[in-house]
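Proteins come first, then strands; the chains are lettered A, B, ... in the order of their sequence lines, and each starts at number 1. These figures come from a predicted structure and were not determined experimentally.
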Number of protein chains: 2
Amino acid sequence: MVKTGETVKKLSRKGYRLTPQRLMILEAVDGADDHISAEEIYAQVCDQYPNLNISTVYRTLELLKELELVTETDLGDGRVRYHNIKKGHHHHLVCHRCGNIIDMDEAVLSPLKAALLMQYGFNAELRHLAIFGLCKECK
Amino acid sequence: MVKTGETVKKLSRKGYRLTPQRLMILEAVDGADDHISAEEIYAQVCDQYPNLNISTVYRTLELLKELELVTETDLGDGRVRYHNIKKGHHHHLVCHRCGNIIDMDEAVLSPLKAALLMQYGFNAELRHLAIFGLCKECK
DNA sequence: TATGCAGATGCAAGGGGTTGCAATTGCCAA
DNA sequence: TTGGCAATTGCAACCCCTTGCATCTGCATA
């Protein structure tokens with residue numbers, strides 16, 4: 001997404017309509033510093049436009065995922081979070097004892113990606129992965 | 001789980017009660033050839049004991065996860081599946097175009113596990129992972 | 001600028017899963 | 001064998017998310 005303007009152009013070019021709901025959701029995702037949940041987007045947009053329906057938020061996020069403008073991560077708290085894809089691919093190590101979340105560099109996964117391609121011909125999409133386990137302190 | 005009997009002993013030893021509901025759920029998980037969903041377990045046990053509540057199934061599966069007797073996998077179809085841990089650790093490559101599921105050897109993940117331990121001191125629990133992407137045919 | 005319609009929205013119902021609480025019941029100790 | 005109590009269950013309500021459907025509306029076209 002980088003800038004909302006670019007996303008708007010991309011949507012328009014592909015024939016998607018630029019409804020006010022969509023534009024406001026876009027802005028909310030884009031304005032979020034880090035991972036934001038659908039509920040948070042909903043609450044934020046509702047301040048200006050209380051008619052918004054939560055299903056519109058989910059449908060818009062689904063669309064943005066398909067267009068590869070956001071990624072989705074499940075950090076294991078029963079609530080999926082979304083993230084502007086242009087703010088960088090990154091991954092998380094989630095400690096299921098203390099709940100701590102460590103950011104992990106994308107490079108750590110490169111050998112795995114390569115191995116999967118070589119051994120299985122499988123093109124893994126490791127855009128935004130969460131790996132569970134125990135952190136240094138809890139182990 | 002290997003045999004239901006062993007699991008029963010483990011539960012008993014740890015002070016968990018052996019209720020008929022639990023025993024029947026255990027048997028269903030153990031009898032399943034491959035991954036089984038909570039709903040499937042519920043339906044199966046209900047044949048003999050129609051009083052069973054689905055939340056008991058979920059709570060029992062939660063317990064079995066904690067005791068490391070089953071693993072949980074989300075193959076992306078909106079329904080989590082369970083698998084007897086003793087039938088071997090394995091992982092899946094899920095093609096999100098054709099839906100094909102390729103079984104993946106555990107060994108492929110060993111370098112990743114080692115790298116995470118070395119670089120982050122993080123002890124990853126990669127028991128039953130699903131990796132999404134495009135398979136050979138769809139790529 | 002007015003028109004038509006495919007795409008988008010709101011609504012309500014539904015699906016998978018979780019949780020608080022009161023009632024029930026394994027199981028230990030007497 | 002019985003009594004007591006903490007673990008377990010069933011129930012109902014709830015949470016997050018998805019979906020079918022009727023209505024509405026951006027936007028291309030005339």
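Side-chain contact, B:H92 with B:D103: a donor N or O sits under 3.5 Å from an acceptor N or O.
Residue A:Y58 places no side-chain N or O under 4.0 Å from the OP1 or OP2 atom of C:dA8. The shortest distance between the side-chain N/O atoms of B:Q21 and the OP1/OP2 oxygens of C:dG26 is not below 4.0 Å. The side chain of A:T19 contributes an N or O atom lying less than 4.0 Å from OP1 or OP2 of C:dT9.
The A:S55 side chain lies nearest to C:dC11 when the options are D:dG10, D:dC17, C:dC11. The side chain of A:R22 lies closest to C:dT9 when the candidates are D:dG26, C:dT9, D:dT19. For A:L52, counting side-chain heavy atoms from C-beta on, the closest listed nucleotide (D:dC27, C:dG10, C:dT9) is C:dG10.
Proximity of B:M104 to A:L116: side-chain heavy atoms (C-beta onward) are separated by under 4.5 Å at one or more points.
Atoms CD (A:E40) and P (D:dC16) sit 11 Å apart, rounded to a whole Å. In this entry the distance linking CG of A:L11 with P of C:dA8 reads 9 Å, nearest Å. Taking atom NZ of residue A:K14 and atom P of nucleotide D:dC27, one finds them 17 Å apart after rounding to whole Å. What separates CD of B:E62 from P of D:dA7 is a distance of 17 Å, to the nearest Å. Here the C1' atom of nucleotide D:dA12 and the CG atom of B:N53 are 10 Å apart, to the nearest Å. The OH atom of A:Y16 sits 14 Å away from the P atom of D:dC27 (whole-angstrom rounding). In this structure, A:N51 atom CG and C:dA8 atom C1' are separated by 14 Å, rounded to whole Å. Counting to the nearest Å, the C1' atom of D:dC17 and the CZ atom of A:R81 are 15 Å from each other.
Heavy atoms of B:S37 sit nowhere under 4.0 angstrom from any nucleic acid atom. Nucleic acid contact class of B:I54 (heavy atoms, under 4.0 Å, all strands): none. Among the protein residues, A:Y42 comes within range of no part of the nucleic acid, since none of its heavy atoms lies under 4.0 Å from any strand.
A:R59 contributes a side-chain N or O that forms a donor-acceptor pair with the base of D:dG20 under 3.5 Å. In the interface, the side chain of A:R17 is paired with the base of C:dG7 through a donor and an acceptor atom under 3.5 Å apart.
Between the side chain of A:R22 and the main chain of A:R17, a donor-acceptor pair closer than 3.5 Å is present.
Between A:H128 and A:H91, the two ring planes are perpendicular [angle over 60°; tilted spans 30° to 60°].
Tested against A:L69 for a side chain to side chain contact (heavy atoms under 4.5 Å, CB included), the candidates A:L63, A:L64, A:L61 yield a single pass: A:L64.
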